[in-house]
2 protein chains.
Amino acid sequence: MTPSVEEISEHLLKHNIKPSYQRIKILEYLVTKRNHPTADEIHKELVKEIPSLSKTTIYNTLKTFIETNLARVITIEENETRYDADISDHGHFKCDECGSIYDFRVNIDILEPDELESFKINEKNVYYSGICKKCISKEEG
Amino acid sequence: MTPSVEEISEHLLKHNIKPSYQRIKILEYLVTKRNHPTADEIHKELVKEIPSLSKTTIYNTLKTFIETNLARVITIEENETRYDADISDHGHFKCDECGSIYDFRVNIDILEPDELESFKINEKNVYYSGICKKCISKEEG
DNA sequence: TTGCATATTTGTAATGATTACATTTGTATT
DNA sequence: AATACAAATGTAATCATTACAAATATGCAA
């Protein structure tokens, strides 16, 4: 669950990315936190450890990760691009109350829409929104 | 398929929105074009007919439409909020080649993720991306 | 090791979508 | 017509993202 720096480095190398200090830290953040952060949230956290860390580096690195399929973009909400190092098919739920984003397992392949028969599908995203369990019990309690 | 101004007005009134000239035009655009436009695209088109039309009005009106469930937001791509007057459950496919967005019918309800059992789900979105039929045949031809 | 070429990071400035807000215009009612 | 209220407009501010040039680090050849 919490991979070592060596494992993170190998993960990068497998995708033909040189494991620089910044890249390791950013991927480590994504993989261990699993919190679907924005670029700004990553920066705010990592700049504590790497004071020189620039926001441009965050954006550059994330772009590299997306291109090499190390991470994917979550655009569940307008005005905030979020990132996820979990590449497997899964859905995202955003709570309109507290803003939390939850992962949920879902078998997207059973959908098979007829109208896309001759289309080449590269990516599938399922986004739900509403009120999460925690916020519901808070309102009731 | 192409509703009259009267029908558009009624549609607005049913949702408790006063049918001003601008609102009628913006809703008419969404309903007849069905092209999932950005706020800017709507403005660019309608300003030809209404030279005084302000972008703020576009944003205000779209916000009103969203709040009253006359339209919904499509956030299939980062950096572009798009709008859709079709409220029914359906998926969206974005072609990475030509940028077109296609609607497709899909029975989202069969997914029923266990992990969201105690969650209140208000909205469900299914976004696919890849290469559309047209672009595939273009590449082959 | 030194020097050179290249890749990566950094900082600043620009861009572009969206929002805030104050002003103006339009509409309805008395 | 006078007033009150709603809607539309224009300008300025905000904020995420990108562009770009300069600085730094890395790898490799001599």
Q) B:S52 near the nucleic acid: base, sugar-phosphate alone, or nothing, with a heavy-atom cut-off under 4.0 Å? A) sugar-phosphate
With 3.5 Å as the limit, what N/O pairs link the protein to nucleotides 16-23 of chain C?
residue, atom, partner, partner atom, Å
C:dT18, OP1, B:T81, OG1, 3.0
C:dT18, OP2, B:Y59, OH, 2.3
C:dT18, O5', B:Y59, OH, 3.2
C:dA20, N6, B:T56, OG1, 3.4

Q. Can any side-chain N or O of B:T57 pair as donor or acceptor with the backbone N or O of B:L53 at less than 3.5 Å?
A. no
Q: Send over the distance from A:L62 CG to C:dT9 P, rounded to a whole Å.
A: 12 Å
(Q) Looking at D:dA6, I'd like to know if its phosphate oxygens (OP1 or OP2) sit under 4.0 Å from a side-chain N or O belonging to B:S20. (A) no
Q: For salt bridge (charged side-chain N to carboxylate O under 4.0 Å, His left out), just list the numbers for B:R82 and B:E80, CA-CA rounded to whole Å, side-chain angles, deciding distance to a tenth of an Å, and then say yes or no.
A: CA-CA 6 Å; B:R82 295 181 169 277; B:E80 45 176 51; 3.1 Å; yes
Q) Rounded to the Å, how far apart are B:L53 CG and D:dT9 C1'? A) 9 Å
Q) To the nearest angstrom, how far is B:I58 atom CD1 from D:dT9 atom C1'? A) 12 Å
Q: Please assess B:R72 against B:D86 for the test salt bridge (charged side-chain N to carboxylate O under 4.0 Å, His left out), listing each intermediate value before the final yes or no.
A: CA-CA 7 Å; B:R72 59 153 66 186; B:D86 184 353; over 6 Å; no
**Q.** Smallest separation among heavy atoms of B:Y128 and A:N125, with atom names
**A.** CD1-N, 4.4 Å
**Q.** B:T68 vs B:N16 side-chain heavy atoms within contact, under 4.5 Å
**A.** no
Q. Expressed in angstrom and rounded to an integer, what is the separation of B:E67 atom CD from D:dA7 atom P?
A. 12 Å
Q: Provide, to the nearest angstrom, the distance between the CZ atom belonging to B:R23 and the P atom belonging to C:dG26.
A: 15 Å
Q.
So, OP1 or OP2 of C:dG26: does either fall under 4.0 Å of a side-chain N or O from B:Q22?
A. no
Q. Using 30° and 60° as the class limits, which term best fits the ring planes of A:Y102 and B:F119: parallel, tilted or perpendicular?
A. perpendicular
Q | Sub-6.0 Å ring centroid separation between A:F93 and A:Y127 | A | no
Q: Rounded off to whole Å, could you give me the NZ-to-P distance for the B:K18 and D:dA7 pair?
A: 5 Å
Q: Using atom CD1 of A:I42 as one end and atom P of D:dT17 as the other, report the distance to the nearest whole Å.
A: 10 Å
Q: Tell me whether the OP1 or OP2 atom of C:dG11 has a side-chain N or O from A:S54 closer than 4.0 Å.
A: no
(Q) Output the rounded distance in Å from OH (B:Y21) to C1' (D:dT9). (A) 16 Å
